Amino acid sequence: MEAVYTLVSSQDDWDRYEGLQWYAAETWASGHRADPDVETRAEARWRESKTAYLRWDEKRWVGGLCVQERGE
């Protein structure tokens with residue numbers, strides 16, 4: 001594999017990334033109330049993720065991303 005892109009993020013970058021995931025999950029869940037998995041699985045998952053991030057990860061996360069491409 002060959003690295004094609006790298007990115008280092010700040011705390012603000014991670015906060016935005018996490019926040020957008022929570023927003024997307026809430027938006028999706030509100031539009032799919034008839035789905036029985038929404039309450040039991042989807043909402044519980046993003047609520048747990050949000051709680052954990054706000055409690056622990058926000059204080060220590062600075063991250064990076066490396067995108068790789070398989071050679072032929």
Side-chain angles (χ1 to χ4, degrees):
M1 288 193 191
E2 177 182 341
V4 293
Y5 185 76
T6 58
L7 170 76
V8 175
S9 64
S10 68
Q11 186 62 57
D12 288 341
D13 295 331
W14 273 112
D15 288 347
R16 186 175 196 296
Y17 172 79
E18 291 290 336
L20 287 172
Q21 288 191 64
W22 303 328
Y23 176 77
E26 284 187 67
T27 301
W28 179 85
S30 68
H32 293 86
R33 288 285 169 211
D35 185 333
D37 288 338
V38 167
E39 181 65 37
T40 57
R41 297 173 78 187
E43 286 187 354
R45 187 173 181 173
W46 66 257
R47 282 188 187 131
E48 289 171 11
S49 169
K50 185 176 184 177
T51 300
Y53 182 79
L54 293 174
R55 182 175 294 148
W56 304 108
D57 293 340
E58 190 220 16
K59 294 172 181 63
R60 60 187 162 103
W61 258 104
V62 175
L65 171 70
C66 180
V67 178
Q68 297 181 326
E69 182 176 71
R70 290 185 181 188
E72 292 185 50

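What you see is a predicted model; the values in this text were computed from it and never measured.
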Donor-acceptor pairs are to be reported for all side-chain atoms of residues 20-27 against protein atoms at under 3.5 Å, with residues two or more places apart or in another chain.
{"residue": "Gln21", "atom": "NE2", "partner": "Tyr17", "partner atom": "OH", "Å": "3.2"}
{"residue": "Thr27", "atom": "OG1", "partner": "Tyr23", "partner atom": "O", "Å": "2.8"}

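Taking both residues in full, the closest heavy atoms of Asp35 and Asp37 are given as OD1-N, 2.8 Å, listed atom of the first, atom of the second, then distance.
Hydrophobic cluster of Trp28: the remaining members, joined at side-chain heavy-atom separations below 4.5 Å, are Val38, listed by chain and number.
Residues satisfying the salt bridge (Lys or Arg N to Asp or Glu O under 4.0 Å) test with Arg16, not counting sequence neighbours, are none.
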